Protein chains: 2
Amino acid sequence: MSSQPPHATLLIPGPIEFDDAVLQSMSHYSESHVGPAFVNTFGETLSMVRKLFQSTDSAAQPYVISGSGTLGWDIVAANLLEAGEDALVLSTGYFGDAFADCLRTYGANVTKLDGEVGGRPQLPEIEKALSEKKYKVITITHVDTSTGVLSELKDLTALVRRVSPETLVIVDGVCSVACEEIAFDAWGLDGVVTASQKAIGCPAGLSISFFSGRAMDAFKNRKTPPTSYFASMKNWTPIMQNYENKKPSYFATPSPQLIHALHTALTQILAKPLADQFKKHIEVSDKVKKAVTDLGLKVVATKKEDQAHAMTAIYLPETIQIADVLPKLATKGVVFAGGIHKAIATRYIRFGHMGVSALDSNRKDIDKALDALRDSLSEAGYKA
Amino acid sequence: MSSQPPHATLLIPGPIEFDDAVLQSMSHYSESHVGPAFVNTFGETLSMVRKLFQSTDSAAQPYVISGSGTLGWDIVAANLLEAGEDALVLSTGYFGDAFADCLRTYGANVTKLDGEVGGRPQLPEIEKALSEKKYKVITITHVDTSTGVLSELKDLTALVRRVSPETLVIVDGVCSVACEEIAFDAWGLDGVVTASQKAIGCPAGLSISFFSGRAMDAFKNRKTPPTSYFASMKNWTPIMQNYENKKPSYFATPSPQLIHALHTALTQILAKPLADQFKKHIEVSDKVKKAVTDLGLKVVATKKEDQAHAMTAIYLPETIQIADVLPKLATKGVVFAGGIHKAIATRYIRFGHMGVSALDSNRKDIDKALDALRDSLSEAGYKA
């Protein structure tokens, strides 16, 4: 039995439903941010971030900083690029476009390759772009939360390593970390930025990122100082290293409560093989996609290989309005999200199936959601 | 009876001890950041921030953003100053110096006036500086957490208004909001940046700031775009305005749990007259300062009028080491902080007496701390 009061099941693509123990950690009594107990908790948390990324490279560096996932883009923009340097941004939706905006804010010279709505830029055009100009950084939105399009991260990284080996491969993993496979060392990634409130299963409020030794070297070799203060690797790196070495250190006050919750969430995730959890997300995703297709509906991500495994963006039938369906779902105790991709925003809804809702089949969250979707569409006059 | 497990009483100058109801709000079940229930909670929270600053100016703008207090400096630096513009920074310790570093990071041309250790820059020298150059911004650390030095904010602001009326008066209120009087409209302030974990009494993780209509105009009249993405007023202003108008809006995901906790903390603060709470902090401060003086110890802030009312930085007797006293205090269930001001770091300790520990005399936190200090010094061989 959950210790949480009855509430609608939150099945948007983040924040997600949280485990009781994680929420209880949020109300941890107050501790000094530089006292031995919290220093130990934060240090263990940083070490667990390494495991989450399947990394054993001691030159790689984790950061956990109060903020949202968006702050991760600022960390990349302010530390790994200097004004006028070139970045290639692969966009599969709203979040790829916004990452490009962030990089431009800090003075990067951005080239953006856009997928068709529901698709992604293809390897040949990416190879062409990489051959024509030397990019300091390429950014890839692993799963764009606006479309549910999954990028082929492993093959893409191999391509970059072959065609432009010095280009840093930076991944927006906000909607993929802990639900899609990411083998940081094995694939040769240089950075992943993510947030706490999606498949990691910890309330929003933390920017979580991880950078390779090569990315850290690129930072150290900057000709100009970093262009942010709060998002500065110069300010945060010694702090993170000290905490991980169980030494107190101060730049800006971390949130002990959020770090406790992240510690609990990561402990739960790492208690089981990551591979099993990726597999379970795939099974649930297959079930959701099949049910959606059986209802005669289309998934925004057109091709199966482009479909994310922890969320589904679903086109509504042309006769059905979002403003009709979402309230009907709510009366059945299920919260989905509306659309956010400008070109199609009024035509689709988003269903997040990640974290405990996907992994804990005792919860019946997915079945409940699929039933509610079926019934809501039917009540709205739709016949499959 | 507290619902929190037994733990050492945290009496550092932030984070502070938190009320049970605030901590319980931290474990609120998951909600959509754009759903009606949370939009209402966030909207009410923003309106309460106005009341916290005793402001009724509808042109003024509150921001509550995931981050730490430090993020507030980036907000000022990236939005209210453009590269090469002049800022006058008044420093009374570590945090004034760091605010200057942050402004320089974004390209401001910083002039810094330093107080003597334990003192503050004096009005005549500030008037002289303001007369010699036109500054876009003056920053004042209301209470520097490293020294416990209080600035004379009301008189200072009046001076700026008289000598250089167009200069924006920006206050670092991290260690003063909710414990020292701040009459935002009446004094003519242009900005206060603060954090959740000190006298506001909500766990760390939120940057809270408030800017005047004049500051917002200065932002709108920029010639260049803001130089941060996550800390951009351009990105956040419409979001904050929509939430306050109870309309869903998205730029980056807020932390519903932290916002719920802030809502609870602000509701508690605003349930009683702010003046009573400022007065209570003064009474407790007087008691602490008297006890410290009676022990033959010196307060770092030399003059009474320069002494903060919610913390006390205390020089240790020359024969006593910090590494001896802090563990002795800990065995008596009291956590103080070490020093942080470079010039004197090894010679003093810091005692935070703010929020529930100062306001709720049933807790006996202050008496317990003073007894523990007296006994610890005695055990260390000190005779008053």
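None of these values were measured; they are calculated from a predicted model. Order of the sequence lines fixes the chain letters, A, B, ..., with proteins taken first and strands second; residue numbering starts at 1 for each chain.
Between B:Q257 and A:L23 there is a side-chain heavy-atom pair separated by less than 4.5 Å. Using a 4.5 Å heavy-atom threshold, the side chains of B:D101 and A:Y229 count as touching. Side-chain contact between A:W73 and B:F230: absent, with no pair of heavy atoms (C-beta onward) separated by less than 4.5 Å. Counting only heavy atoms from C-beta outward, the side chains of B:S228 and A:T105 never approach each other to under 4.5 Å. Considering only heavy atoms from C-beta on, B:N235 stays 4.5 Å or farther from A:T70 through its side chain. At least one side-chain heavy atom of B:P15 sits less than 4.5 Å from a side-chain heavy atom of A:T253. Side chains of A:Y250 and B:I340 form a contact here, defined as non-hydrogen atoms less than 4.5 Å apart.
Expressed to the nearest 0.5 Å, how far CG of B:D74 lies from OG of A:S232 amounts to 9.5 Å. Taken from OG in A:S68 to CD1 in B:I65, the straight-line distance is 9.5 Å, to the nearest 0.5 Å.
Looking at B:Y94, the atoms closer than 4.5 Å to chain A (heavy atoms on both sides) all sit in the side chain, from C-beta outward. For A:Y29, the parts sitting under 4.5 Å from any heavy atom of chain B are the backbone and the side chain alike. Neither the backbone nor the side chain of A:F99 comes within contact range of chain B, judged by heavy atoms closer than 4.5 Å. For A:I16, the part lying near chain B is the backbone, with the side chain staying farther off; criterion is any non-hydrogen pair under 4.5 Å. In this structure, chain A has a heavy atom under 4.5 Å from the side chain of B:Q197, while its backbone stays farther away. Residue A:P225: no heavy atom, backbone or side chain, is found under 4.5 Å from chain B. There is no contact between A:A330 and chain B, counting heavy-atom distances below 4.5 Å. For A:T227, the part sitting under 4.5 Å from any heavy atom of chain B is the backbone (N, CA, C, O) and nothing else. Looking at B:F38, neither its backbone nor its side chain comes within 4.5 Å of chain A, counting heavy atoms on both sides. Both the backbone and the side chain of A:L71 come within less than 4.5 Å of a heavy atom of chain B.
With chain B as partner, the option from A:A77, A:A78, A:A8, A:A98 having the largest number of non-hydrogen pairs under 4.5 angstrom is A:A98. Ranking A:A252, A:C102, A:G338 against chain B, the residue ahead of the rest is A:C102, based on heavy-atom pairs under 4.5 Å.
When atom types are taken as modelled, the side chain of A:S66 and the backbone of B:G205 share no donor-acceptor pair closer than 3.5 angstrom.
Residues B:Q24 and A:S27 come closest through the heavy atom pair N-CB, 4.4 Å. Across all their heavy atoms, A:H33 and B:G14 have their closest contact at CE1-O, 3.6 Å. B:S30 and A:E17 get closest at one heavy-atom pair: CB-CA, 4.2 Å.
For B:K234, the NZ atom counts as loosely surrounded, since its 6.0 Å shell holds 12 or fewer non-hydrogen atoms of other residues, nucleotides or ligands.
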